[in-house]
Protein chains: 2
Amino acid sequence: MICEHEKLHEISVKRAKEHILHTQDVEKICKVFRLLADPNRFKIVSALLEGELCVYHLCEICQSTVSAVSHQLRLLKDGNIVRAKRMGKNVEYSIADGHIREIVEMGVEHLYCKGE
Amino acid sequence: MICEHEKLHEISVKRAKEHILHTQDVEKICKVFRLLADPNRFKIVSALLEGELCVYHLCEICQSTVSAVSHQLRLLKDGNIVRAKRMGKNVEYSIADGHIREIVEMGVEHLYCKGE
DNA sequence: TGAACACTTGAATAAATGTTCAACTATTCA
DNA sequence: TGAATAGTTGAACATTTATTCAAGTGTTCA
């Protein structure tokens, strides 16, 4: 009982401790946020929300190099954010998970509603 | 027109280019995701969603040191995720922005619906 | 088959990040 | 005032991360 406001926070502390997620779960959630936290990856994901695209077009949209985009795509693929499918000479990328759109849109909404 | 599937992707490319956010906006959004991408900060934010708490209790909940939590709180404060308010010897922290709850909950939902 | 295109990969480098430690400020109360 | 409590801060360190470059794989087509 070091904190003076023990009484005031009793309920918050109790609820926070009850609701705290397991470390593994927190890490899984954070991994998704971390993947969306890089501007280039965010642009890749945003672009793919409009439809599937090959690496060349993603480079064009993100104004980045083929190699950099490919490295980022690998991370997104490993994190189950995107899916790859070879079509002839090209590799088509698409969004792998339906929740991603909601998370991205929530981020955009947060931006536009700032200052309310 | 290097990509073979130009026809197929014409619409996706067009839409992606139209909808692409400004670099500054992408960076603002990514900053929020980056702040939520660290397990300790995520735990701090989750705990504060249950009600305001002082540093000591946040340490207890996050199983971290006072100094580490304080450093993380400064980042969260700079990013307008949390707010600080001195109450006597303690500093009470609370969530500064209404959208944070939705973003966090979206992350949690993504976790539980994995595999659908 | 071999040249051209599309993409991937590994190593190297530079930059950003998180934690710890020690020293510091701010507040209360005897 | 001074001791105790609560929290902040800066420097140092190790770790992670993103990009670049060069070399590689896979596919198509003449």
Side-chain angles (χ1 to χ4, degrees), chain A residues 1-6 8-9 13 23 26-27 30-45 48 52-79 82-94, chain B residues 1-6 8-9 13 23 26-27 30-45 48 52-79 82-94:
Chain A
M1 302 298 156
I2 287 167
C3 176
E4 281 194 336
H5 302 303
E6 191 64 30
L8 249 162
H9 298 154
V13 173
T23 301
V26 170
E27 260 156 33
C30 286
K31 196 177 148 196
V32 175
F33 286 135
R34 192 156 50 247
L35 285 167
L36 295 172
D38 175 75
N40 269 334
R41 281 195 300 265
F42 185 88
K43 283 184 194 171
I44 290 171
V45 171
L48 291 177
E52 68 174 18
L53 291 165
C54 67
V55 177
Y56 172 78
H57 281 136
L58 286 170
C59 291
E60 207 183 31
I61 291 161
C62 302
Q63 308 259 59
S64 188
T65 66
V66 173
S67 182
V69 167
S70 187
H71 276 297
Q72 301 293 26
L73 283 167
R74 185 174 45 77
L75 294 175
L76 289 169
K77 202 170 64 178
D78 291 351
V82 307
R83 213 194 311 266
K85 178 176 68 178
R86 185 167 271 280
M87 297 283 277
K89 278 197 274 186
N90 302 283
V91 178
E92 307 298 328
Y93 281 90
S94 56
Chain B
M1 302 300 153
I2 288 168
C3 175
E4 280 195 335
H5 301 305
E6 191 64 29
L8 248 163
H9 297 153
V13 173
T23 301
V26 169
E27 259 156 35
C30 287
K31 197 178 149 194
V32 175
F33 286 136
R34 191 156 52 246
L35 284 168
L36 295 171
D38 175 75
N40 268 333
R41 280 196 300 265
F42 185 88
K43 282 185 194 170
I44 289 171
V45 171
L48 291 177
E52 67 174 18
L53 290 166
C54 67
V55 176
Y56 172 78
H57 281 136
L58 287 169
C59 291
E60 208 184 29
I61 291 161
C62 302
Q63 306 261 61
S64 187
T65 66
V66 172
S67 181
V69 167
S70 187
H71 276 297
Q72 302 294 24
L73 282 167
R74 185 174 45 78
L75 295 175
L76 290 169
K77 201 170 64 178
D78 291 351
V82 306
R83 212 195 310 267
K85 177 176 70 177
R86 185 168 271 281
M87 297 283 275
K89 279 198 272 185
N90 302 283
V91 177
E92 307 299 327
Y93 281 89
S94 56

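By convention in this document, chain letters (A, B, ...) are assigned in the order of the sequence lines, proteins followed by strands, and residues within each chain are numbered from 1. Computation of the quantities below employed the complete heavy-atom set of this structure, encompassing side-chain atoms and omitting hydrogens, waters and symmetry-equivalent molecules.
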Side-chain donor or acceptor of Ser67(A) under 3.5 Å from a matching atom on the base of dT9(C)?
-> yes
Minimum-distance nucleotide (side-chain atoms of Leu75(B) versus dG7(D), dG18(C), dT8(C)) | dG18(C)
At under 4.0 Å between heavy atoms, what does Ser64(B) touch on the DNA or RNA strands: base, sugar-phosphate, or nothing?
-> nothing
Tell me which nucleotide among dG26(D), dT8(D), dT20(C) gets nearest to the side chain of Val55(B).
-> dT8(D)
Enter the distance from Ile44(A):CD1 to Gln72(A):CD here, rounded to the nearest 0.5 Å.
-> 6.0 Å
Atom CZ of Arg41(A) and atom CG of Leu73(A): how far apart are they, to the nearest 0.5 Å?
-> 10.5 Å
Would you please confirm or rule out a distance under 4.0 Å between OP1 or OP2 of dA16(C) and any side-chain N or O of Arg34(B)?
-> no
Rounding to a whole Å, what distance do you find between Asp38(B):CG and dT15(D):C1'?
-> 13 Å
Return no unless some side-chain N or O of Thr65(A) is found under 4.0 Å from OP1 or OP2 of dT20(D).
-> yes
Considering just the side-chain nitrogens and oxygens of Tyr93(B), establish if one lies under 4.0 Å of OP1 or OP2 belonging to dA6(D).
-> no
Under 4.0 Å between a side-chain N/O of Asn90(A) and OP1 or OP2 of dT28(D), yes or no?
-> no
OP1, OP2 of dT17(C) versus side-chain N and O of Gln72(B): anything below 4.0 Å?
-> no
Short side-chain N/O contact from Arg41(B) to OP1 or OP2 of dG18(C), under 4.0 Å = yes
Do the side chains of Thr23(B) and Glu27(B) get nearer than 4.5 Å, heavy atoms only?
-> yes
Between His71(B) and dT9(D), do the rings stack, that is, sit under 5.5 Å apart with planes less than 30° off each other?
-> yes
Atom pair distance, as rounded to whole Å: CG in Leu76(A) and C1' in dA18(D) = 13 Å
Could you check whether the rings of Phe33(B) and Phe42(A) sit parallel, tilted or perpendicular, using 30° and 60° as the cut-offs?
-> tilted
Rounded to the Å, how far apart are Tyr56(A) OH and dT8(C) P?
-> 16 Å
Hey, does the side chain of Arg74(A) reach the backbone of Leu76(A) with a donor-acceptor pair shorter than 3.5 angstrom?
-> no
Please check the phosphate of dT8(C) (OP1 and OP2 only) for any side-chain N or O of Arg74(A) closer than 4.0 Å.
-> no
Nucleotide nearest Arg86(A) (side chain, heavy atoms from C-beta), chosen from dG26(D), dA6(D), dT8(D) | dG26(D)
Mind calculating the distance between NZ (Lys89(B)) and P (dA3(D)) to the nearest angstrom?
-> 15 Å
Could you tell me whether Val66(A) contacts a base, only the sugar-phosphate backbone, or nothing, with contacts defined as non-hydrogen atoms closer than 4.0 Å?
-> base
